[in-house]
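All residue numbers in this chain count up from 1 along the given sequence.
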Amino acid sequence: MELLKLISKRRSLRQFLPDSVEQEKIDYLLECARLAPSAVNAQPWKFIIVKSPEKKALLYQCYGREWFSSAPLYIMALGDTHLSWKRNPDGKDHCDIDIAIAFEHLILAASEQGLGSCWVCNFDVELCRKLFNLPANLIPVAMTPIGYPAHDLETVTNRKTIQEITETI
């Protein structure tokens with residue numbers, strides 16, 4: 001599919017069918033994320049696929065919105081601060097940027113595969129770290145439910161124009 005068409009079609013989905021997602025499709029999403037660029041090719045990411053009811057219940061504690069519980073699986077994106085590049089001279093850690101790039105690859109791949117997703121960042125990071133027993137260097141950056149859409153996706157019309165977001169100097 002043409003990239004612009006794919007990007008235009010992608011939506012944040014909050015209602016999923018209960019149908020399982022085929023392992024081949026999950027593998028495809030992860031391969032797309034794996035191939036993302038990162039600062040100095042550090043690839044400071046780890047993805048946790050959450051399928052079991054017990055682990056899903058832990059995720060719901062970290063993000064308790066009712067709609068969030070309807071997906072057949074979830075993917076958490078973790079950043080490894082031991083691997084991520086830090087910019088000189090200000091020390092800016094690019095871990096979150098690298099994870100965002102890889103996660104966007106994953107989200108777009110989901111759309112291409114006919115799956116829905118919804119990028120979630122508004123969750124309790126410390127509770128997530130505790131419940132999933134994550135070491136200090138692994139930071140939960142984002143998570144998404146993944147599944148088949150329960151309804152047709154609406155067209156987004158509230159995007160700014162190119163003129164509103166650019167300046168040529």
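Heavy-atom contacts from other residues, nucleotides or ligands closer than 6.0 Å to CD of Glu66 number 12 or fewer. Other residues, nucleotides and ligands contribute more than 12 heavy atoms inside 6.0 Å of the CD1 atom of Ile165.
A donor-acceptor distance shorter than 3.5 angstrom exists from the side chain of Asp98 to the backbone of Ala39, with no hydrogens or angles considered. Proximity of a side-chain donor or acceptor of Arg14 to a complementary backbone N or O of Phe68 within less than 3.5 Å is not detected. With hydrogens and angles ignored, the 3.5 Å screen pairs no side-chain donor or acceptor of Gln113 with any backbone N or O of Ala110. Judged by distance alone, with hydrogens and angles left aside, the side-chain atoms of Arg11 form no donor-acceptor pair with the main-chain N or O of Cys118 at under 3.5 Å. In this structure, Lys51 contributes its side chain and Lys56 its backbone to no donor-acceptor pair below 3.5 Å. A side-chain donor-acceptor contact under 3.5 Å links Ser38 to the backbone of Gln43.
Counted by atom type alone, Lys55 and Tyr60 present zero donor-acceptor pairs between their side chains at under 3.5 Å.
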- Message: Does Ser117 form a side-chain contact (heavy atoms from CB on, under 4.5 Å) with Leu13? I'd like the steps, not just the answer.
- Response: CA-CA 5 Å; Ser117 63; Leu13 186 69; over 6 Å; no
- Start with the C-alpha gap between Leu6 and Leu108, add the side-chain angles, then the distance that decides, and say whether side-chain contact (heavy atoms from CB on, under 4.5 Å) holds. CA-CA 7 Å; Leu6 175 65; Leu108 288 173; 4.3 Å; yes
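Residues Ile162 and Thr166 approach most closely at O-OG1, 2.8 Å, considering heavy atoms. Pairing each heavy atom of Pro140 with each of Leu134, the nearest pair is CG-CD1, 3.7 Å. Here the closest non-hydrogen pair linking Ala142 and Trp119 is CB-NE1, 3.6 Å. The heavy-atom pair separating Val141 from Gly79 by the smallest distance is CG2-N, 4.0 Å. Scanning all heavy atoms of the two residues, the minimum distance from Gly147 to Val21 falls at CA-CG2, 3.9 Å. The minimum heavy-atom distance linking His82 with Asp80 is given by the pair N-OD1, 2.8 Å.
Taking the six-membered ring where tryptophan is involved, the planes of Phe47 and Phe103 are essentially parallel, since the angle between them stays under 30° and well short of 60°.
Distance check: Thr81 OG1 to Lys86 NZ gives 5.5 Å after rounding to the nearest 0.5 Å. A distance of 9.0 Å separates CG in Leu58 from SG in Cys128, rounded to the nearest 0.5 Å. Distance check, rounded to the nearest 0.5 Å: NZ of Lys9 to CG of Leu4 gives 13.5 Å. Within the model, atoms CG of Leu73 and CD of Gln23 stand 9.0 Å from one another, a figure rounded to the nearest 0.5 Å. One distance of note links OH of Tyr74 with OG of Ser69; it measures 6.0 Å at 0.5 Å rounding. With rounding to the nearest 0.5 Å, the separation of CG in Leu106 from SG in Cys32 is 8.0 Å.
In the hydrophobic clustering of ILVMFWY residues, with side-chain heavy atoms under 4.5 Å counting as a link, Ile99 and Ile97 come out apart. In this structure, Val40 is not a member of the same hydrophobic cluster as Trp45, with clusters built from ILVMFWY side-chain heavy atoms closer than 4.5 Å. Grouping the Ile, Leu, Val, Met, Phe, Trp and Tyr side chains by contacts below 4.5 angstrom, directly or via other members, places Ile101 apart from Leu78. Under a hydrophobic-cluster definition in which Ile, Leu, Val, Met, Phe, Trp and Tyr are linked whenever side-chain heavy atoms come within less than 4.5 Å, directly or via other members, Ile139 and Leu83 are assigned to different clusters. Criterion: ILVMFWY side-chain heavy atoms under 4.5 Å apart, direct or through other members. Under it, Leu35 and Ile26 are not part of a common hydrophobic cluster.
At a threshold of 4.5 Å between non-hydrogen side-chain atoms, the residues His105 and Pro37 count as touching. You'll find the side chain of Leu115 stays beyond 4.5 Å of the side chain of Ser111, heavy atoms only. Annotation: side chain of Glu167 is in contact with side chain of Ile169 (closest heavy-atom distance under 4.5 Å). Counting heavy atoms from C-beta outward, Phe16 and Pro149 have side chains that stay 4.5 Å or more apart. Inter-residue side-chain proximity for Met143 and Phe123 is flagged as met; some heavy-atom pair is nearer than 4.5 Å. Contact of the Pro145 side chain with the Trp67 side chain is registered, since non-hydrogen atoms from C-beta on lie closer than 4.5 Å. Glu22 has its side chain out of reach of Asp27: every pair of non-hydrogen atoms, C-beta onward, lies at least 4.5 Å apart. In this structure, Thr144 and Met76 have side chains that are not in contact, with every pair of non-hydrogen atoms separated by 4.5 Å or more.
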